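Quick caveat: nothing in here was measured; it's all calculated off a predicted structure.
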Amino acid sequence: QVQLVESGGGLVQAGDSLRLSCAASDRTFSNFDMGWFRQVPGKEREFVAGINSGGGSTFYVDSVKGRFTISRDNAKTTMYLQMNSLRPEDTAVYYCAASLNSGAWFGWGQGTQVTVSS
């Protein structure tokens, strides 16, 4: 099963940008739909954005539309989340995961912390 590793998090100020990366362990990556999720302590993990296996379709939660952009490079077996105009409420641990044929998400990485100060 594919293994995923997130990176790119950090501490930034409101209005700044970050780009998160999700690196996959093997080329089966190109078979999977991919998603970004985030979680804050005491709350359930929240879907943020998704992209289909070919990269032609993307989906976003309303709170990030127009600010975040999900993309993928199947040749590099990597997915990205470009986050612009960051807000304090975007502070969370961000995770990536894979899905096959609209099944359950799997391959969760360790997450990367994003902290946005006001």
Measure the spacing between CE of M83 and CZ of F68 and express it to the nearest 0.5 Å.
5.0 Å

Got a second to check how far C96's SG is from I51's CD1, nearest 0.5 Å?
12.5 Å

Check whether NZ of the Lys or CZ of the Arg R38 lies under 6.0 Å from the centre of the six-membered ring of Y95 and within 45 degrees of that ring's axis.
no

Starting at OG of S63, measure out to CD of E46 and round the result to the nearest 0.5 Å.
5.0 Å

Would you call S53 and F32 a side-chain contact if the rule is heavy atoms closer than 4.5 Å?
no

Hey, are the side chains of T78 and R72 touching, using non-hydrogen atoms and a 4.5 Å cut-off?
no

Taking every non-hydrogen atom, the tightest pair across A92 and V40
CB-CG1, 3.6 Å

For Q113 and T115, test the side chains for any donor-to-acceptor distance below 3.5 angstrom and give the result as yes or no.
yes

Within 45° cone and under 6.0 Å: R45 NZ/CZ vs W108 ring:
yes

side-chain contact (heavy atoms from CB on, under 4.5 Å) assessment of L18 paired with L86:
CA-CA 8 Å; L18 278 175; L86 282 161; 4.1 Å; yes

Checking S57 against F59 for the side-chain contact (heavy atoms from CB on, under 4.5 Å) test, could you report, in this order, the C-alpha distance in whole Å, the side-chain angles of both residues, the deciding distance, and whether it holds?
CA-CA 7 Å; S57 295; F59 312 89; 4.1 Å; yes

Strictly distance-based, threshold 3.5 Å: is any side-chain N or O of E6 a donor or acceptor partner for the main-chain N or O of S21?
no

Are R19 and Y80 in a cation-pi contact, defined as NZ or CZ under 6.0 Å from the six-membered ring centre and within 45° of the axis?
yes

Are R67 and Y60 packed together at the side-chain level, in the sense that at least one heavy-atom pair is separated by less than 4.5 angstrom?
no

May I ask you to decide if the ring planes of F37 and F47 are parallel, tilted or perpendicular, using 30° and 60° as cut-offs?
perpendicular

Please report the interatomic distance OG1(T112) to OH(Y94), rounded to the nearest 0.5 Å.
10.5 Å

Which residue in the set V12, V114, L11, V116 passes side-chain contact (heavy atoms from CB on, under 4.5 Å) when paired with T91?
V116

Would you sort out whether M34 and C22 count as a side-chain contact (heavy atoms from CB on, under 4.5 Å), showing the intermediate values?
CA-CA 10 Å; M34 297 295 297; C22 171; 4.1 Å; yes

Can you tell if the side chain of R27 reaches within under 4.5 Å of the side chain of T77, non-hydrogen atoms only?
yes

For the residue pair S118 and A14, what are the closest heavy atoms and their distance?
CA-CB, 4.4 Å

With rounding to the nearest 0.5 angstrom, report the OG1 to CG distance, T58 to N52.
8.5 Å

Please report the shortest heavy-atom distance between G9 and L20, naming the atom on each side.
N-CD2, 3.6 Å

When you look at Q39 and E44, which way does the side-chain contact (heavy atoms from CB on, under 4.5 Å) test go after all the steps?
CA-CA 6 Å; Q39 189 170 24; E44 292 188 357; 5.5 Å; no

Under-4.0 Å salt bridge between R87 and D90:
no

For the residue pair N84 / S17, report whether a side-chain donor-acceptor contact shorter than 3.5 Å exists.
yes

Less than 4.5 Å apart, any side-chain heavy atom of I70 and any of M79?
yes

Member of L100, T28, N31 meeting the side-chain contact (heavy atoms from CB on, under 4.5 Å) criterion with V2
T28

